[in-house]
Visitor: 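After the structure tokens below, expect a handful of questions from me.
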Amino acid sequence: MALQDFIAELDSLAGEAQDAFTGAADRDALEAARVEFLGAKAGRLKAVQKGMGKVDKTDKPAAGQKLNSVKKAIEQAFEQATGRLAQSGGKAAQDSFDVTLPGVPVRVGRLHPITQTIERMKEIMGRLGFSAVEGPEIEDDWHNFEALNIPLSHPARDPLDNFYLSVASANAAGGSPPPQPSPKGGGSSKPLLLRSQTSTVQIRVMEQVLANTVASGAQPPVRIVSLGRVYRPDTADATHYPMFHQIEGLLVDKGVTMADLKSVLRMFCQSYYQRDGDDAEDVHIRFRPSFFPFTEPSVEVDINWQGGWMEIGGAGMVDPNVLRAVGYDPEEVTGFAFGMGVERIAMRQHNITDIRDLYTNDVRFLAQF
Ligand code: DAH
């Protein structure tokens, strides 16, 4: 037998087998096709293989090679057809598909509990006339400390208590410079840090308003809140995390007093917690004397909670030094400021006992809120 005839016979067999396998509509048809082409005893491939005995001796190696490759191709076609039927579940399974079965539920996403808290705080403060503004998370020490009346000697500026950024300097030999007080507006070598408090935004806003005042002749009032992330190198535990959120408030106008501060904070707390079923009248706040470099007098703010008092932040009348630092005349205007921890308020609201749960991003936990 001529080699060409043998090869032609194999090729046509491969084509037929391929057609039979791809055309098989179910497992039985596929099995029948397998027996027909690949059957060990009476399969058609076996029959063609027998013809190899009649091929010339010199052509035998080529004939053998062709036989092997065709055999492989037919086996592969069979595997593919098996896979296809398994995937579709076979025709029989398809026919019995029950369209009345309930579908696979789609999981609907939701806002993170901290984002929900922030949105709610903005909304309440908005109703009290405060607009929400943002400030940068990378700050210079003018806005984070200096303009807030926190001098270089103050422990809050310790490099171990802040995330200072190392900045490439032109003079590479000297290592990283220690924090230096920077002039207003800053020089090129001013230290940068991840802000440790949102009070920075007080300064940025007052500077901005003053710049606009000069341009337009308009006077303050400034009436803003700023909500965002702050960073401190605290070891994470149930109540500390190196990143958390604060809400900062600032009101500067003519004749602002401590009574305004207390009224605003009381109304804020009443609105915030009232929605959780409490009567507004049942929500009280109290002030305790305290100290912050940028307010005078300063207070710690507590809210009544489960028979006791819970501290929610600090507040006070804006220190005249701060007003002067941004170019305001403390004889003309006064103001109050407050800063509160967002996590603390959200955790008490939802009875969350470990701050780390908020940032592990386990959806089984987050989906509860
Ligand atoms: N910035 C303070 C802190 O992070 C909180 C604070 C206290 C903000 C008093 C204020 C304030 O605006 O008046 O601990």
Side-chain angles (χ1 to χ4, degrees), residues 118 121 125 128 130 132-137 139-151 154-158 161-163 193-207 209 222-234 239-253 256-266 268-269 285-303 310-323 325-326 328 330 333-345 355:
I118 286 175
M121 288 177 164
M125 291 309 291
L128 292 172
F130 289 73
V133 299
E134 297 207 349
E137 289 178 21
E139 265 298 4
D140 50 46
D141 64 348
W142 167 256
H143 292 95
N144 203 90
F145 300 123
E146 205 69 22
L148 286 164
N149 206 25
I150 305 174
H154 197 283
R157 291 176 72 160
D158 192 317
D161 289 333
N162 294 284
F163 286 113
L193 72 161
L194 296 180
R195 69 178 177 192
S196 61
Q197 51 184 349
T198 44
S199 303
T200 53
V201 188
Q202 292 185 29
I203 303 303
R204 291 200 169 269
V205 167
M206 283 191 280
E207 284 174 343
V209 171
V222 178
R223 203 187 273 233
I224 57 101
V225 280
S226 189
L227 296 101
R229 296 186 189 92
V230 297
Y231 301 85
R232 294 177 193 176
D234 290 330
T239 53
H240 295 85
Y241 207 71
M243 183 280 305
F244 58 100
H245 296 74
Q246 288 186 330
I247 170 172
E248 189 82 16
L250 174 70
L251 188 149
V252 181
D253 204 349
V256 177
T257 71
M258 201 93 174
D260 299 314
L261 169 63
K262 196 162 189 184
S263 300
V264 165
L265 287 180
R266 193 187 57 237
F268 169 78
C269 290
I285 61 164
R286 74 171 185 187
F287 283 175
R288 276 178 295 119
S290 185
F291 173 78
F292 296 101
F294 36 89
T295 43
E296 181 59 39
S298 305
V299 293
E300 219 80 63
V301 186
D302 297 341
I303 182 172
M310 162 179 101
E311 186 190 317
I312 53 169
M317 299 306 291
V318 180
D319 193 294
N321 284 343
V322 174
L323 294 173
V326 291
Y328 283 36
V333 290
T334 51
F336 69 68
F338 61 87
M340 297 184 283
V342 173
E343 275 80 355
R344 171 166 280 223
I345 290 174
I355 191 174

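Just so you know, ligand 1 is whichever comes first in the structure, and atom 1 is the first atom listed for that ligand.
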Visitor: Find all atoms of ligand 1 within a distance of less than 4.0 Å from any non-hydrogen atom belonging to G314, and give their numbers and elements.
Guide: 7 (C), 9 (C), 11 (C)
Visitor: State, yes or no, whether a side-chain contact exists between L265 and M340 at a heavy-atom distance under 4.5 Å.
Guide: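 The answer is yes; the side chains approach within 4.5 Å.
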Visitor: Determine, for R288 against E311, whether the closest basic-nitrogen to carboxylate-oxygen distance falls under 4.0 angstrom.
Guide: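 Yes.
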Visitor: Against ligand 1, does F336 come closer than 4.0 Å with any heavy atom?
Guide: no
Visitor: Give the numbers and elements of all ligand 1 atoms closer than 4.0 Å to a heavy atom of Q202.
Guide: 12 (O)
Visitor: Could you report the tightest heavy-atom contact between I150 and N144, atom names first, then the distance?
Guide: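 In this case the closest contact between I150 and N144 is CD1-O, 4.0 Å.
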Visitor: Among all the protein's non-hydrogen atoms, which is closest to atom 11 (C) of ligand 1, and how far away is it?
Guide: F294 CE1, 3.5 Å
Visitor: As an exercise, state the distance from CZ of R266 to CZ of F287, rounded to the nearest 0.5 Å.
Guide: 9.5 Å
Visitor: If I compare all heavy atoms of A315 with all of V301, which pair ends up nearest, and what's the gap?
Guide: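 That closest heavy-atom pairing would be CB-CG2, 3.9 Å.
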Visitor: Which ligand 1 atoms, with their elements, are less than 4.0 angstrom from a heavy-atom of A337?
Guide: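 This gives 12 (O), 13 (O) as the contact atoms.
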Visitor: Report the nearest protein non-hydrogen atom to atom 12 (O) of ligand 1: residue, atom name, distance rounded to 0.1 Å.
Guide: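 Checking every protein heavy atom, the shortest distance to atom 12 (O) of ligand 1 gives E248 OE2, 2.6 Å.
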Visitor: Quick one: does A315 get a heavy atom under 4.0 Å from ligand 1?
Guide: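 Yes.
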Visitor: By number and element, which atoms of ligand 1 are closer than 4.0 Å to a non-hydrogen atom of S199?
Guide: 1 (N), 8 (C)
Visitor: Using 4.0 Å as the upper bound for N to carboxylate O, is an ion pair formed by R157 and E146?
Guide: yes
Visitor: Short list, please: which atoms of ligand 1 are under 4.0 Å from a heavy atom of F292?
Guide: 7 (C), 9 (C)
Visitor: Counting from 1, what ligand 1 atoms have a heavy atom of Q246 closer than 4.0 Å?
Guide: 3 (C), 4 (O)
Visitor: Check this for me - ligand 1, S196, N or O atoms closer than 3.5 angstrom, yes or no?
Guide: no
Visitor: Just to confirm my output: which protein heavy-atom neighbour is closest to atom 2 (C) of ligand 1, and how far is it?
Guide: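 Looking only at protein heavy atoms, the one closest to atom 2 (C) of ligand 1 is Q197 OE1, 3.6 Å.
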Visitor: How are the rings of F336 and F130 set relative to one another: parallel (under 30°), tilted (30 to 60°) or perpendicular (over 60°)?
Guide: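 Rings of F336 and F130: tilted, 30 to 60°.
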Visitor: Quick check for you: to the nearest 0.5 Å, what is the distance between I355 atom CD1 and M243 atom CE?
Guide: 8.0 Å
Visitor: Between E248 and Q202, do the side chains contain a donor N or O and an acceptor N or O under 3.5 Å apart?
Guide: yes
Visitor: Against ligand 1, does R232 come closer than 4.0 Å with any heavy atom?
Guide: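 Contact check R232 vs ligand 1: positive.
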Visitor: Within the 4.0 Å heavy-atom shell around G316, which atoms of ligand 1 are there?
Guide: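 Taking each heavy atom of G316 in turn, ligand 1 has 13 (O) under 4.0 Å.
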